2 protein chains.
Amino acid sequence: MVKTKVDSEELILDAARKVFTRKGMTGARMQEIADEAGINKALLHYYFRNKKQLFDAIFDDVFPRFIPALIQILNSDNSIEEKLSHFVSHYIDEFSHKAYIPVFILNEIHQNPERLASMSMAIEGMKTSRFMVQISEGIETGLYHPIKPAHLLSNLISLSVFPLISQPLLTRVFQMDDKEYMQFLEEKKKLIPELILESIKRN
Amino acid sequence: MVKTKVDSEELILDAARKVFTRKGMTGARMQEIADEAGINKALLHYYFRNKKQLFDAIFDDVFPRFIPALIQILNSDNSIEEKLSHFVSHYIDEFSHKAYIPVFILNEIHQNPERLASMSMAIEGMKTSRFMVQISEGIETGLYHPIKPAHLLSNLISLSVFPLISQPLLTRVFQMDDKEYMQFLEEKKKLIPELILESIKRN
DNA sequence: ATTCAGTTTAACCATTTGGTTAAATGTAAG
DNA sequence: CTTACATTTAACCAAATGGTTAAACTGAAT
């Protein structure tokens with residue numbers, strides 16, 4: 001085996017993910033990434049020719065990294081109610097201490113919309129998930145009001161993501177400490193599925 | 001009068017707002033701001049000693065710029081239903097072609113949470129608005145379920161902002177063209193108030 | 001023992017970028 | 001006319017930054 005090639009590349013990617021997702025493409029420094037990885041700039045450029053190439057490697061990986069788990073939830077054998085609950089809980093747990101990740105994604109997409117290419121495939125699975133089929137069935141059988149998939153999914157994700165990315169604002173305005181904010185998120189795990197269900201259920 | 005001092009300063013601020021809100025603090029270039037303002041770098045530094053000072057001037061102004069209109073809606077004499085409708089419509093109209101503004105705010109706050117100081121005062125007015133009083137009254141009279149203000153406001157803003165800042169994603173995933181996306185937003189103007197009302201109304 | 005990729009060191013380079021300076025010009029007001 | 005600030009021009013500076021290079025070293029594989 002060739003020494004530890006894989007390890008170093010992985011080390012660099014981990015460091016780059018950390019720095020890029022926190023500081024963004026323009027705010028990140030190659031030296032900082034090298035330091036974070038515990039190596040030197042020469043080796044960094046030995047593995048990744050330039051900043052853009054390294055950034056692309058990171059960006060194209062950030063999104064696909066957490067989407068499969070969500071799709072799996074939507075494709076399970078559970079009921080709609082359980083899926084909603086699992087989805088929101090998983091989402092909140094995943095990002096409650098990493099809200100900079102969704103912010104990073106949103107920001108970089110707005111800076112450079114072409115980057116979307118690497119993401120849309122990962123999302124495709126949500127549109128075509130068993131969950132969406134169950135919803136369609138519920139609509140056909142008259143259990144639910146008709147609702148466009150785009151509205152349902154955007155509502156679900158809006159309500160899940162925004163409380164996370166607006167944490168600094170929320171905690172300040174409503175004077176929550178860390179514990180109260182975590183409590184707030186726990187309440188969201190119940191309230192969001194209820195809200196979504198109420199919005200589609202026929203009375 | 002001293003020539004056009006006010007005009008130039010205003011020119012610079014307008015240009016800086018444009019560049020900063022699109023590229024962010026780290027992505028913006030002083031030269032680009034000067035170009036955008038139609039002046040030269042020397043004059044730019046003549047008015048604003050350095051980049052940080054100029055950025056602060058912009059950032060501290062971006063948020064307070066659109067909050068008062070929203071607070072006015074929440075403090076009007078209208079019914080809760082009308083306020084919800086006006087609020088969402090105004091929000092969507094304001095940012096449907098400027099989604100980079102909320103993205104900018106979210107990103108810069110995450111980069112530097114201390115900046116929140118200039119914003120929290122502007123938001124205070126939402127917490128204490130007549131709208132929130134009306135909600136409290138509705139809860140007391142048994143018309144509405146009890147709901148914490150933090151949840152109600154976060155739901156309202158989540159549902160309004162996220163469809164805007166996730167436009168690139170949404171339009172790609174659901175293959176909407178510009179016209180279809182605008183139609184989608186129009187539907188949101190009805191659906192969001194309905195959703196919020198359903199969530200608090202007692203059956 | 002040799003080979004060869006991985007790694008370090010350290011100097012170096014070119015460009016970008018924020019910021020400064022000085023001199024000349026414009027322009028409105030006293 | 002003179003004063004005083006506004007503005008331009010154009011050169012300049014220093015630091016930061018992305019990226020390169022060459023030489024030496026390491027350590028596993030042949």
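Chain naming here is simple, since letters A, B, ... match the order of the sequence lines and numbering starts at 1 in each. It should be emphasised that the depicted structure is a prediction, and the values quoted were computed from it without experimental measurement. Side chains included, hydrogens not; waters and symmetry mates left out as well; all remaining heavy atoms used.
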Heavy-atom side-chain contact between B/Glu9 and B/Phe48 under 4.5 Å: yes
Residue-phosphate contact under 4.0 Å: B/His45 side-chain N/O, C/dG19 OP1/OP2: yes
Euclidean distance, atom CG of residue B/Asp35 to atom P of C/dT16 [Å, nearest integer]: 14 Å
B/Tyr47 OH - C/dG19 C1' separation (whole Å): 18 Å
Atom-to-atom span, NZ of B/Lys41 to C1' of D/dC13 - whole angstrom: 10 Å
Pairs touching residues 110-120 of chain B that satisfy salt bridge (charged side-chain N to carboxylate O under 4.0 Å, His left out), sequence neighbours left out: B/Asp56-B/Arg115
Nucleotide C/dG6, atom P - distance to CD of A/Glu9 in whole Å: 10 Å
OP1 or OP2 of D/dA6 under 4.0 Å from side-chain N/O of B/Tyr46: yes
Distance, rounded to the nearest Å, where B/Glu32 contributes CD and C/dT17 contributes P: 10 Å
Touch class at under 4.0 angstrom, heavy-atom based, for B/Asn40 against every strand present: base
From A/Arg17 atom CZ to A/Glu36 atom CD, the distance as rounded to the nearest 0.5 Å: 11.0 Å
All pairs passing salt bridge (charged side-chain N to carboxylate O under 4.0 Å, His left out) where residues 149-177 of chain B contributes a residue, at least two apart: none
Per B/Leu43 side chain, nearest of listed nucleotides D/dG18, C/dG19, D/dT7: D/dT7
A/Arg29 side chain near D/dA16 phosphate (N/O to OP1/OP2, under 4.0 Å): no
Close approaches to DNA chain C from residues 20-28 of chain A, in residue order (heavy atom, under 4.0 Å): none
Euclidean distance, atom CG of residue B/Asn50 to atom P of C/dT21 [Å, nearest integer]: 14 Å
B/Leu185 versus B/Ser96, closest heavy-atom pair with distance: CD1-CB, 3.8 Å
is_close_aromatic(A/Phe59, A/Phe20), centroid dist under 6.0 Å: no
Pair B/Leu159-B/Tyr91, side-chain contact (heavy atoms from CB on, under 4.5 Å): steps then yes or no: CA-CA 11 Å; B/Leu159 292 167; B/Tyr91 208 110; over 6 Å; no
Pair A/Lys127 + A/Glu124, salt bridge at N-O below 4.0 Å: yes
Would you tabulate the side-chain donor-acceptor contacts of residues 187-195 of chain B under 3.5 Å, counting partners in other chains and residues two or more places apart, or write 'none'?
from: B/Glu187; atom 1: OE1; to: A/Lys148; atom 2: NZ; distance (Å): 3.2
from: B/Glu187; atom 1: OE1; to: A/His151; atom 2: NE2; distance (Å): 2.6
from: B/Glu187; atom 1: OE2; to: A/Lys148; atom 2: NZ; distance (Å): 2.7
from: B/Glu187; atom 1: OE2; to: B/Gln183; atom 2: NE2; distance (Å): 3.3
from: B/Lys188; atom 1: NZ; to: A/His151; atom 2: ND1; distance (Å): 3.2
from: B/Lys188; atom 1: NZ; to: A/Ser154; atom 2: OG; distance (Å): 2.7
from: B/Lys188; atom 1: NZ; to: A/Asn155; atom 2: OD1; distance (Å): 2.9
from: B/Lys189; atom 1: NZ; to: B/Asp93; atom 2: OD1; distance (Å): 2.7
from: B/Lys189; atom 1: NZ; to: B/Asp93; atom 2: OD2; distance (Å): 3.4
from: B/Lys189; atom 1: NZ; to: B/Glu186; atom 2: OE2; distance (Å): 2.9

Nearest-Å distance for atom pair CD1/C1', residues A/Ile33 and D/dT17: 12 Å
Spacing of A/Glu10 atom CD relative to C/dT7 atom P, expressed in whole Å: 13 Å
Partner residues of A/Phe66 under the ring-ring contact (aromatic ring centres under 6.0 Å, His included) criterion, sequence neighbours left out: A/Phe63, A/Phe95
Per A/Ala42 side chain, nearest of listed nucleotides D/dT21, D/dA10, D/dT7: D/dT21
Nearest listed nucleotide, side chain of B/Met30, among D/dG18, C/dG18, D/dT8: C/dG18
Selection: residues 52-61 of chain B, any non-hydrogen atom under 4.0 Å of DNA chain D: none
